[in-house]
Amino acid sequence: GDFVYLDPPYSKTNGRFRGEYGYQSFAASDVSRLLGVLEHLDARGVKFLLSYSHCAAIQPAIRKWESNAFFVKRQVAGFAKHRKRKLEVLIANFLLRHSLTSK
């Protein structure tokens, strides 16, 4: 009956890293370890929900489990013209009932 929600920092393969969560706290090389944790949870019968950036590194999880992609608008840029919409994804090992795609 356990449930785990995961919302790790998004790893960056390019761009500027500002150390928001601490330097070397979560890197692109950690994504494979994250996928291993999902495998472990699933094998133990633990329901999980992962929120992550829609990127190439996370594709194995998108193909294996339920997923729902949606756009979010980032509000962290100082000027509105620099705020961008980013594609994110929810991944779960149970049925996601509602479409979360937003404009």
- Task: Identify the heavy atoms of Leu90 and Phe70 that sit nearest to each other, and give their distance.
- Result: CG-CE2, 3.6 Å

Sequence neighbours excluded and cut-off under 3.5 Å, please list the side-chain donor-acceptor pairs for residues 38-48, or say none.
from  : atom 1 : to    : atom 2 : distance (Å)
Glu39 : OE1    : Lys64 : NZ     : 2.9
Glu39 : OE2    : Lys64 : NZ     : 3.0
Asp42 : OD1    : Asn93 : ND2    : 3.0
Asp42 : OD2    : Trp65 : NE1    : 3.2

Please list every donor-acceptor pair under 3.5 Å in which a side-chain atom of residues 49-62 meets a protein atom from a residue at least two apart or in another chain.
from  : atom 1 : to    : atom 2 : distance (Å)
Tyr52 : OH     : Ser11 : N      : 3.1
Tyr52 : OH     : Ser11 : OG     : 3.2
Gln59 : NE2    : Cys55 : O      : 3.3

